[in-house]
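I have placed the structure first, in the form of structure tokens, so that the comments after it can refer back to it.
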Amino acid sequence: MSKSMLDYTKSVLKRVSFDVNLFAKELEKACKVLLPYELEELTSWLLQFTKEKPELQHCMLRINNQ
């Protein structure tokens, strides 16, 4: 079974979370390719994922501005 675009996006975001700028760029790309329901799921995941990474929390605005 192939990985969904959402799963792929999450794995990329996890890998680049050490760099805020890279994280923001990957998040922007995701907003362009994911379907609306996938973006909702990604938003929920991001809220959880960034709880312990306050430096990434401002990136959430990129989803809200799409």
Taking K29 first and then E26, would you say they form a salt bridge - that is, a charged N and a carboxylate O separated by under 4.0 Å?
yes

Co-membership, hydrophobic cluster, residues L35 and L42, 4.5 Å side-chain
no

Note: T9 and A30 closest approach over all heavy atoms is CG2-CB, 3.4 Å

Once rounded to the nearest 0.5 Å, what's the spacing between atom CG of L27 and atom CG of L22?
11.5 Å

Identify the two heavy atoms, one from W45 and one from K14, that lie closest to each other, and give their separation to 0.1 Å.
CZ2-CE, 3.5 Å

Exercise answer: donor-acceptor pairs, residues 49-61 side-chain atoms, under 3.5 Å, sequence neighbours excluded:
residue, atom, partner, partner atom, Å
T50, OG1, L46, O, 2.7
Q57, NE2, T50, O, 2.8
H58, ND1, E55, O, 3.2

Would Y37 end up clustered with L34 when hydrophobic side chains under 4.5 Å apart are linked, directly or stepwise?
no

Between OG of S4 and CD of E41, what distance do you get to the nearest 0.5 Å?
7.5 Å

Could you tell me the separation between the CD atom of E38 and the CG atom of D7, rounded to the nearest 0.5 Å?
9.0 Å

